[in-house]
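Below: one structure, written as structure tokens.
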Amino acid sequence: MPRVYKFGGASIQDADAIRRLGALLAEGVARPRAMVVSAMGKTTNALEALLAAARRDDQADYRRWLAAIRDDHLAVARALFGPDSQVAAELSRLVDELDAAHGAHREAPYPFHYDQTVGMGELLSTTLVAAWLNEIGVATRWCDARALIVTDDRHQTAEIDWAATHERIASLAAESDEVLLTQGFIGATEGGAMTTLGREGSDFSAAILAEALGADELTIWKDVTGLFNADPRRFTNARQIARLSYDEALEQTWYGAKVIHPRTLAPLQRAGIPLTVRSFLEPEAPPSTIGPEPGEGDRQPAFMLRDDQVLLDVSPRDGGFLDEARMAEILARLAEAGLHANLLDVEALRLRLCVDPAPEKLEPLADALATDYRVRRHEKLTLLTVRHPDKALLARLDGHRTRLAERCSATTAQRLYPAAECPDTWQIPE
Ligand code: ADP
Ligand code: ASP
Ligand code: MG
């Protein structure tokens, strides 16, 4: 039964967490054929901060971040392997490599520099985890995802070369019976330049591996027992969903259920591989399974929040209708700016669209539209999306809140409220 496991940053955030993961694999659960591991804890954010310091040439800040990243990893190596281990030397070598590369990349385009820097978190974490698993007797082979996941050169949002990737993974699997442990989030071009698959992309890496290995199951180990009908951190009475279909899961991740990266599901769906979401904190708890068959999650209401949204209210300056030609023009400008409309609300004379906050993308978009359109901007908004709602439920959620924009289809309702009118933690009306 070839299985693939994925462990995220929280499951390896410190030495105790890595020991827990080791115990789980040594005694608690079936050994996987392959496993994908993210960067430790908040390392990816630290690497982004280091990159920002490098780009603005703030040497002091850059050095601070580099030292923090080195120290965090060396502290875990010390706790697991004692002083002066081989692992510590390898971690230091990787941090030195990162430091040395900065001089060369500072003049390069930002997305390329991003990938050479931020992908380092997974190389560090997998070095630690693979060594620990071998130390406790789980025979593990550290594999470099840059030699497995072949991508194009669209840095930060690389596309997979599926045929080449499958071939590389299959030939690696034929070589070794050990647990194959590799990095999430990263790949490389044919020429060997490191690429990344988008923030939170390790789930996607695990799905790529599962498909290439013909796995029977992909298990993603999280700090929650499964997929809920809303983020349990934001909705006090969120309930776990035992089963739902790929299609429903795709809808929910598209609208902002942040528990699984949206790109994860396509390879699994293509190969008919079920995805199980389990808790590394409570491995015995019943999980959630996403597969080809519909489950109760396909019918029940589910809730997704997006914070800090920006509303653009666009109307033609000449007072004309928002016909197809104008809609096409506005949406083309949006795509050119690299923005995605989380909500589209269209009327005869105005189009309202809601996007994530990104001033560096919004300014050029506003400039591009300014000649022909009046654009009003509202900030600090909360977008609530409800799958499978009914009227009574929506009325109770709306309460007295102002609806700045909305959309309703047969299966999905969306509301844009001022954040000031929304609570930090919500209650699903029972
Ligand atoms: P990883 O460690 O794999 O990166 P994430 O932090 O990305 O894990 O995902 C787990 C988190 O997703 C949970 O802690 C939870 O707060 C959040 N989350 C958001 N939406 C949901 C949902 N619908 N069901 C379960 N968890 C959710
Ligand atoms: N480490 C990467 C991130 O934090 C990828 C992942 O964790 O999935 O975005
Ligand atoms: Mg994640």
Side-chain angles (χ1 to χ4, degrees), residues 5-13 17 21 35-49 51 69 114-115 117-126 129 145 149 156-158 182-187 194-208 218-242 244 248-264 275-282 285 287-290 297 300-307 384-387 424-426 428:
Y5 287 168
K6 182 257 168 171
F7 288 92
S11 67
I12 52 158
Q13 64 187 355
L21 181 152
M35 60 190 268
V36 167
V37 175
S38 306
M40 247 175 62
K42 301 279 176 230
T43 306
T44 307
N45 294 349
L47 285 161
E48 285 186 349
L51 175 68
I69 291 162
Y114 180 98
D115 282 359
T117 306
V118 176
M120 189 54 86
E122 272 69 10
L123 292 168
L124 290 164
S125 67
T126 50
V129 175
I149 311 284
Q156 291 191 275
T157 51
T182 194
Q183 305 78 40
F185 183 51
I186 64 171
M194 179 146 60
T195 50
T196 62
L197 310 179
R199 282 301 308 260
E200 302 291 328
S202 296
D203 296 342
F204 179 40
S205 305
I208 298 169
L218 168 62
T219 304
I220 298 195
W221 297 88
K222 298 267 171 186
D223 59 358
V224 280
T225 49
L227 188 91
F228 283 61
N229 62 347
D231 184 347
R233 280 185 220 253
R234 302 296 302 280
F235 288 79
T236 48
N237 55 345
R239 272 180 309 170
Q240 191 173 332
I241 303 167
L244 79 166
E248 180 60 28
L250 274 164
E251 293 282 348
Q252 295 188 14
T253 54
W254 170 260
Y255 286 115
K258 291 197 199 78
V259 62
I260 303 164
H261 191 284
R263 291 174 90 185
T264 311
L275 168 62
T276 306
V277 181
R278 280 184 186 276
S279 164
F280 57 82
L281 297 168
E282 295 174 64
S288 300
T289 303
I290 300 166
Q300 292 172 0
F303 306 83
M304 281 70 64
L305 284 175
R306 287 189 192 273
D307 294 318
L384 173 69
T385 302
V386 187
R387 290 281 297 160
D424 285 340
T425 45
W426 293 64
I428 300 170

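Indexing begins at 1, ligand by ligand and atom by atom, following the structure's order. Keep in mind that what you see is a predicted model, and the values were worked out from it rather than measured.
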- atom 4 (O) of ligand 1: closest protein heavy atom, distance to 0.1 Å, is Glu200 OE1, 3.4 Å
- Query: Please state which protein non-hydrogen atom is closest to atom 2 (O) of ligand 1 and give its distance, to 0.1 Å?
  - Reply: Gly8 CA, 3.4 Å
- Message: Within the structure, is a non-hydrogen atom of Lys6 found at a distance of less than 4.0 Å from ligand 1?
- Response: yes
- Value rounded to 0.5 Å, distance of OG1 in Thr276 from CG in Leu218: 7.5 Å
- Query: If you measure from the Lys or Arg side-chain nitrogens to the Asp or Glu carboxylate oxygens, is any gap between Asp424 and Arg233 under 4.0 Å?
  - Reply: no
- Those atoms of ligand 2 less than 4.0 Å from some heavy atom in Phe185: 2 (C), 5 (C)
- Using only heavy-atom distances, determine whether the side chains of Ser205 and Gln183 contain a donor-acceptor pair under 3.5 Å. no
- Query: Gly9: heavy atom below 4.0 Å from ligand 2, yes or no?
  - Reply: no
- Task: Would you check if the distance from the ring center of Phe303 to the ring center of Phe235 is below 6.0 Å?
- Result: yes
- atom 11 (C) of ligand 1 sits nearest the protein heavy atom Asp223 OD1, 4.0 Å
- Item | Sub-4.5 Å side-chain heavy-atom contact between Lys6 and Ser38 | yes
- Query: Is any NZ, NE, NH1 or NH2 atom of the basic residue among Arg387 and Glu251 found under 4.0 Å from an Asp or Glu carboxylate oxygen of the other?
  - Reply: yes
- Item | Closest protein heavy atom (residue, atom, distance) for atom 25 (C) of ligand 1 | Gly226 O, 3.5 Å
- Should you measure from each heavy atom of Ser38, which atoms of ligand 2 turn up under 4.0 Å away? 6 (C), 7 (O), 8 (O)
- Item | Sub-4.5 Å side-chain heavy-atom contact between Arg234 and Thr425 | no
- Mark up the atoms of ligand 2 that fall under 4.0 Å of a heavy atom belonging to Ser202, in ascending order. 5 (C), 6 (C), 7 (O), 8 (O)
- Query: How many angstroms lie between OG in Ser288 and CZ in Phe228, if you round to the nearest 0.5 Å?
  - Reply: 7.0 Å
- Are a donor atom and an acceptor atom from the side chains of Thr225 and Ser279 found within less than 3.5 Å of each other? no
- Which heavy atom of the protein is the closest neighbour of atom 23 (N) of ligand 1, given with residue, atom name and distance? Phe228 O, 3.1 Å
- Item | Numbered atoms and elements of ligand 1 in range of Gly9, under 4.0 angstrom, heavy atoms | 2 (O)
- Note on the structure: Within a strict 2.8 Å cut-off of the Mg ion (ligand 3), protein N/O/S atoms tallied 1
- Query: Are any side-chain N or O atoms of Thr182 and backbone N or O atoms of Ala145, one a donor and one an acceptor, separated by less than 3.5 Å?
  - Reply: yes
- Protein residue, atom and distance nearest to atom 8 (O) of ligand 1, heavy-atom basis: Lys222 NZ, 3.1 Å
- Is there a donor in the side chain of Thr196 and an acceptor in the side chain of Asp115, or the other way round, less than 3.5 Å apart? yes
- Hey, are the side chains of Thr289 and Leu275 touching, using non-hydrogen atoms and a 4.5 Å cut-off? no
- Query: In terms of ring plane angle, is the pair Phe204 and His261 parallel, tilted or perpendicular, where the classes change at 30° and 60°?
  - Reply: parallel
- of all protein heavy atoms, closest to atom 3 (C) of ligand 2 is Arg199 NE, 3.3 Å
- Item | Residue Lys258 vicinity, atoms of ligand 1 by number, heavy atom under 4.0 Å | 7 (O), 19 (C), 20 (N)
- Between Ile220 and Lys222, is any pair of side-chain heavy atoms under 4.5 Å apart? yes
- the protein heavy atom lying closest to atom 27 (C) of ligand 1 turns out to be Val259 CB, 3.4 Å
- atom 17 (C) of ligand 1: the protein heavy-atom neighbour that sits closest, reported with distance to 0.1 Å: Asp231 OD1, 3.6 Å
- Message: Looking at atom 6 (O) of ligand 1, tell me if a protein heavy atom falls under 4.0 Å from it.
- Response: no
- Task: For the residue pair Asp231 and Lys258, establish whether any side-chain heavy-atom pair is separated by less than 4.5 Å.
- Result: no
- Task: Select the closest option to atom 2 (C) of ligand 2 among Lys6, Glu48, Met40, Glu122, judged by heavy-atom distance.
- Result: Glu122
- Query: Is there a heavy atom in Pro232 that sits closer than 4.0 Å to ligand 1?
  - Reply: yes
